[in-house]
Number of protein chains: 2
Amino acid sequence: MPADQPRFQPLYEQIRQRIVERIASGEWQADAMLPSEWELAAEFAVSQGTARKALNDLTRDGWLYRRQGRGTFVAPGESEWGEGKLVSPGHFAELADPMQPELLSVARVPSGEDVARALQLRRGAMLHHVRQVWRQRGVTLAVDEILLPVERFADLDSRRLRLAGGGLYALLERQYAVRIRPLHVQYRGVLADREVRTLLAAEPDEPLLSMVRLGGTVEGEPVEWRQRLLRSARWSWQTRI
Amino acid sequence: MPADQPRFQPLYEQIRQRIVERIASGEWQADAMLPSEWELAAEFAVSQGTARKALNDLTRDGWLYRRQGRGTFVAPGESEWGEGKLVSPGHFAELADPMQPELLSVARVPSGEDVARALQLRRGAMLHHVRQVWRQRGVTLAVDEILLPVERFADLDSRRLRLAGGGLYALLERQYAVRIRPLHVQYRGVLADREVRTLLAAEPDEPLLSMVRLGGTVEGEPVEWRQRLLRSARWSWQTRI
DNA sequence: CAGTGGTCTAGACCACCTG
DNA sequence: AGGTGGTCTAGACCACTGG
């Protein structure tokens, strides 16, 4: 079900899209400085105020950052699922050491019904199935299970992922010009099955935090289904609002 | 530690504050229509564009809502902790029936160290301790434990809470002119202790979703510490991003 | 100092809603 | 038709950064 096209497209919206295209195409790399408001206004043949609105909207959505007196710059995208940090339960400022991702495996699997619906695919459509663990000082704290449509991300394999380094999202942005943002996150408390228990070296009755996340493009098209299971005895997962 | 005062205070920021004051004071009630941009601009002796910026900022922060062709209105605050909904795990659109809160008890307890620090109180400062359960079609799905500084919310008792109806936040807004917004949320998977297990009629090894939330005023001052324990076998807690 | 983003103004016109 | 918010312009000046 495609979204309704608005009958009226403001100028700043068109400018916004043209700037996004240039970032996605790599013409403007991460942390590169954009032309000034006045130069952009001249190039797009609009007033400075209109260019400004486009730039501020893009800043709000995480595409750019601006510094008074310095300029406007391309914001580097999240290289991995990052919005959230580990903290001591009940405390709100005591951060844990960060976790490091480690790729376990990449395979192709047919889509189940739930995931197919979430990703708006036909049932049985092929998916990349990525397994990844997160370690903190040698201790495995979390497991990720990532599902991506093969159709959209052809040629994705273990070698490419390993070579890429710098996280899955960084690779997708470079290779496929797709920037992924979270659409929904679901939280549950769960017990691990045998496989996950082994990976995490967890006790049979140790409760885990399950986070199921649907990631999508800027346009809102869902392209990533992901579950993270986190050992939350020692650390909470904290999100800013 | 008080926040730094900015040396320069834009006009729209001052206007913003004056509008917030009128809402907090009750002069403009929920869903009341504000004067038009031009009228406000005239009253505050600024241009329409400046009044507009203040109004749009307030809209972004949830104080107002605007409808083209109709007007600008006071947004009713959340009457309870609401940002999040129950959905079927792994599905992203299938909402459960909503839960209904039910007050269990109100007491006064001295603050422990963690909560005192989170609420920026001295240790041992008195707190209102509110217990509340959430039911869905007769089944208890969640328990809340709410801690509020007595110093700030005097005269809060069970009778008042019961009489008020419409949720805790609605009461705080009416009675104390405080609008609470979330500052942080922490998620964990946990097992219930005996007391909670009894309240929820949960199995001993049933994993629960623990959400610890720090709520604060619009100015960022923390005033509410809350933990919610949710039976998440059947339902996930989903947040929009 | 020059260059950037940030604020503010006055005015015009457009899109949308309601009666 | 009249009133609302939404867009857009041209121009001025301010605050901040860095060389």
Side-chain angles (χ1 to χ4, degrees), chain A residues 3-20 22-23 27-76, chain B residues 3-20 22-23 27-76:
Chain A
D4 295 291
Q5 286 299 327
R7 353 181 196 294
F8 172 70
Q9 180 91 326
L11 272 180
Y12 63 77
E13 192 56 40
Q14 304 169 32
I15 293 166
R16 185 193 146 98
Q17 287 169 17
R18 291 172 67 178
I19 293 175
V20 167
R22 293 206 197 171
I23 296 173
E27 181 177 339
W28 288 333
Q29 303 275 338
D31 293 314
M33 182 173 167
L34 266 63
S36 74
E37 291 181 350
W38 286 100
E39 289 170 314
L40 286 171
E43 179 185 339
F44 293 128
V46 297
S47 73
Q48 170 261 1
T50 301
R52 181 182 187 74
K53 172 142 179 63
L55 293 171
N56 281 342
D57 286 357
L58 287 165
T59 300
R60 175 174 39 76
D61 293 348
W63 287 93
L64 305 174
Y65 59 95
R66 316 193 73 185
R67 295 288 177 269
Q68 182 172 171
R70 296 191 50 206
T72 302
F73 305 86
V74 178
Chain B
D4 294 291
Q5 286 299 324
R7 353 182 197 293
F8 172 70
Q9 180 92 325
L11 274 179
Y12 63 77
E13 192 55 40
Q14 304 170 31
I15 294 166
R16 185 193 146 98
Q17 287 169 17
R18 291 171 69 178
I19 293 176
V20 167
R22 293 207 198 171
I23 296 173
E27 181 177 339
W28 288 331
Q29 304 274 341
D31 293 314
M33 182 173 166
L34 266 64
S36 73
E37 290 181 350
W38 286 101
E39 290 171 314
L40 287 171
E43 180 184 339
F44 293 127
V46 297
S47 72
Q48 170 262 359
T50 300
R52 182 183 186 73
K53 173 142 180 63
L55 292 171
N56 281 342
D57 286 357
L58 287 165
T59 301
R60 175 174 41 75
D61 293 347
W63 287 93
L64 305 174
Y65 60 95
R66 315 192 75 183
R67 295 288 177 271
Q68 182 171 168
R70 296 193 50 206
T72 302
F73 306 86
V74 178

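Each chain gets a letter, A, B and so on, in the order the sequences are listed, and its residues count up from 1.
In this structure a side-chain-to-backbone donor-acceptor pair under 3.5 Å is present from A/T59 to A/L55.
A close approach under 4.0 Å does not occur between any side-chain nitrogen or oxygen of A/T72 and OP1 or OP2 of C/dT4. Between B/R66 and the phosphate of D/dG6, there is a side-chain N or O to OP1/OP2 separation shorter than 4.0 Å.
To the nearest 0.5 Å, atoms OG1 (B/T72) and CG (B/L58) are separated by 10.0 Å. The distance from the CZ atom of B/R66 to the CG atom of B/L34 is 9.0 Å, given to the nearest 0.5 Å.
Look at CZ on B/R67: it is 13 Å from C1' on C/dC16, rounded to the nearest Å. D/dG6 atom C1' lies 9 Å from atom CG of B/N56, rounded to whole Å. A/L34 has its CG atom 16 Å from the C1' atom of C/dG3, to the nearest Å. A/F73 has its CZ atom 11 Å from the C1' atom of D/dG18, to the nearest Å. When the C1' atom of C/dG3 is taken as reference, atom CZ of A/R70 falls 13 Å away, rounded to whole Å. Look at CG on A/L64: it is 16 Å from C1' on C/dG6, rounded to the nearest Å. The separation between A/L40 atom CG and C/dG3 atom P is 17 Å, rounded to whole Å.
Smallest separation of non-hydrogen atoms from B/P35 and B/L40: O-CD1, 3.6 Å.
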Open item on the list: Strictly under 4.0 angstrom, non-hydrogen atoms only: write out the protein contact profile of nucleotides 7-15 of chain C, one letter per nucleotide from the 5' end, B, S or -.
Closed with: BSB-----B
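Between B/E27 and B/R18 there is no salt bridge, since no side-chain N of the basic residue sits under 4.0 Å from a carboxylate O of the acidic one.
The side-chain contact (heavy atoms from CB on, under 4.5 Å) test applied to A/E13 returns A/Q9, A/P10, A/R16, A/Q17, not counting sequence neighbours.
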